[in-house]
Amino acid sequence: MKLLIIEDDEAAAGFILTGLKEHGHHADIARDGHDGLMLATGGPYDVIIIDRMLPKLDGLSLLKTLRESGLKTPVLLLTAMGSITDRVTGLESGADDYLVKPFAFAELYARLCVLARRPPLTETTTHLHAADLEMDLIRRSVTRGTTTIQLQPTEFRLLEYLLRNQGKIVTRTMLLEAVWDFHFDPKTNIVETHISRLRSKIDKGFDHELITTVRGAGYTIHAP
């Protein structure tokens, strides 16, 4: 991963940078909002880390400016302000994730990995499909051919993630993080159970199967 750290606290920025280097990643550092804006728009970066309290241009204003400019790079917002209102404000400003200080590097790194794997969203992406399977993200509806398919919320998120990664193999760990927000293995068959239920709804009774198990690797969805 290539990351941008926008953090005026030298110790905090150094702590993050050291951890990322130990995992083999590269990161640039900006000490204030103005420098961060210049680097972020000059990218590209896989993920941008923004501290909420920055000199010259605060984190929320910086984030809003980046989003208004059309930048879709995932952003993790760091802050010492941990109330629900503060978190909601950060997310509404365009953050993809929110982490309260102090934090463990292991949690930060897990969140960064999830964000780096997340397919970038665009404002026009409201429909996903594979063959005759259609997903409407606005109406929250799924159809296959002329058949309307009723999905539970978790099944909907699971299918959406598979469709956004159509043709790619997604692992069990990727699904746990993206669909359930688990950054650990719960040692259950939760993924397998939900994949089985999803298959029974979108594949059973149709001419061809869309969801395929790749033995020893994970799952994939693709049009035949």
Side-chain angles (χ1 to χ4, degrees), residues 1-3 43-48 66-67 69-76 91-92 94-97 110-224:
M1 288 188 292
K2 182 180 180 182
L3 303 98
Y45 294 97
D46 296 300
V47 185
I48 300 173
L66 291 175
R67 293 310 188 213
S69 72
L71 189 75
K72 303 297 182 183
T73 305
V75 170
L76 175 66
L91 294 171
E92 289 180 342
D96 296 271
D97 203 353
R111 290 173 181 264
L112 292 175
C113 289
V114 171
L115 291 177
R117 285 198 293 264
R118 183 177 298 173
L121 301 179
T122 65
E123 295 178 358
T124 57
T125 304
T126 59
H127 290 79
L128 300 171
H129 66 89
D132 57 347
L133 178 69
E134 299 282 343
M135 171 176 273
D136 188 321
L137 301 178
I138 301 298
R139 293 188 174 91
R140 306 293 291 178
S141 64
V142 176
T143 59
R144 184 160 185 190
T146 59
T147 303
T148 298
I149 300 172
Q150 300 296 328
L151 298 181
Q152 296 297 317
T154 300
E155 295 167 347
F156 191 93
R157 293 196 301 272
L158 178 57
L159 179 58
E160 180 183 353
Y161 188 78
L162 289 171
L163 286 173
R164 289 192 182 280
N165 290 275
Q166 186 175 167
K168 302 177 184 177
I169 297 175
V170 295
T171 66
R172 184 173 184 276
T173 298
M174 290 167 67
L175 291 173
L176 285 170
E177 292 180 338
V179 179
W180 285 272
D181 198 27
F182 286 171
H183 304 297
F184 61 93
D185 189 341
K187 304 299 182 183
T188 69
N189 63 348
I190 186 173
V191 173
E192 293 77 8
T193 297
H194 279 80
I195 286 287
S196 178
R197 290 176 181 171
L198 186 59
R199 273 183 170 144
S200 70
K201 293 184 178 182
I202 71 168
D203 281 340
K204 188 175 181 180
F206 294 94
D207 293 338
H208 52 268
E209 296 183 351
L210 296 176
I211 298 177
T212 302
T213 298
V214 182
R215 188 176 299 276
Y219 307 92
T220 185
I221 189 169
H222 65 279

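Within the 4.5 Å cutoff, no side-chain heavy atoms of Ser141 are placed close to those of Thr148. Between Asp97 and Leu112, the closest side-chain pair of non-hydrogen atoms is not below 4.5 Å. Leu71 has its side chain within reach of Ile48: a pair of non-hydrogen atoms, C-beta onward, lies under 4.5 Å apart. Proximity of Thr173 to Asp185: side-chain heavy atoms (C-beta onward) are nowhere separated by under 4.5 Å. No side-chain heavy atom of Leu133 sits less than 4.5 Å from a side-chain heavy atom of Phe206. Proximity of Leu159 to Ile221: side-chain heavy atoms (C-beta onward) are separated by under 4.5 Å at one or more points. Side chains of Val179 and Val191 form no contact here, defined as non-hydrogen atoms less than 4.5 Å apart.
For Asp207, the CG atom sits in a loose shell: 12 or fewer heavy atoms of surrounding residues, nucleotides or ligands are nearer than 6.0 Å. Around the CD atom of Glu192, the shell of radius 6.0 Å holds more than 12 heavy atoms that belong to other residues, nucleotides or ligands. With a 6.0 Å radius and a threshold of 12 heavy atoms from other residues, nucleotides or ligands, Lys168 has its NZ atom at or below the threshold.
Met1 approaches Cys113 most closely through the heavy-atom pair CE-SG, 4.3 Å. Contact between Ala223 and Ala130 at its shortest, heavy atoms only, is CB-C, 4.4 Å. Pairing each heavy atom of Leu176 with each of Pro186, the nearest pair is CD1-CD, 3.7 Å. Among all heavy-atom pairs drawn from Ala131 and His208, the shortest one is CB-NE2, 4.1 Å. Closest approach of Tyr161 and Val170 over heavy atoms only: CE2-CG1, 3.8 Å. Across all their heavy atoms, Leu175 and Trp180 have their closest contact at O-CE3, 3.4 Å.
Exactly one residue among Leu128, Asp136, Ile149 makes a side-chain contact (heavy atoms from CB on, under 4.5 Å) with Val142. That residue is Ile149.
A salt bridge links Arg144 with Asp132: the closest approach of a Lys/Arg side-chain nitrogen to an acidic carboxylate oxygen falls below 4.0 angstrom. With salt bridges taken as basic N to acidic carboxylate O contacts below 4.0 Å, none links Arg117 and Asp96. A salt bridge is absent between Glu155 and Arg197; no separation between the charged side-chain nitrogens and carboxylate oxygens falls under 4.0 Å.
Residue Thr143 holds its OG1 atom at 10.0 Å from CE of Met135, rounded to the nearest 0.5 Å. If you take CE on Met174 and CD1 on Ile169, they are separated by 10.0 Å, rounding to the nearest 0.5 Å. Atoms CZ and NE2, from Arg157 and His194 in turn, are 8.5 Å apart once rounded to the nearest 0.5 Å. For the atom pair CG of Leu137 and CG of Leu163, the computed distance is 9.0 Å after rounding to the nearest 0.5 Å. We find the CD1-CD1 distance between Ile202 and Ile211 to be 3.5 Å, quoted to the nearest 0.5 Å. In this structure, the separation between CG on Leu198 and OG1 on Thr154 is 11.0 Å, given to the nearest 0.5 Å.
In this structure a side-chain-to-backbone donor-acceptor pair under 3.5 Å is missing from Asp46 to Leu3. Side-chain N or O atoms of Thr193 include none that pairs as donor or acceptor with a backbone N or O of Ile190 at under 3.5 Å.
A donor-acceptor contact under 3.5 angstrom links the side chains of Thr213 and Arg199, judged on distance only.
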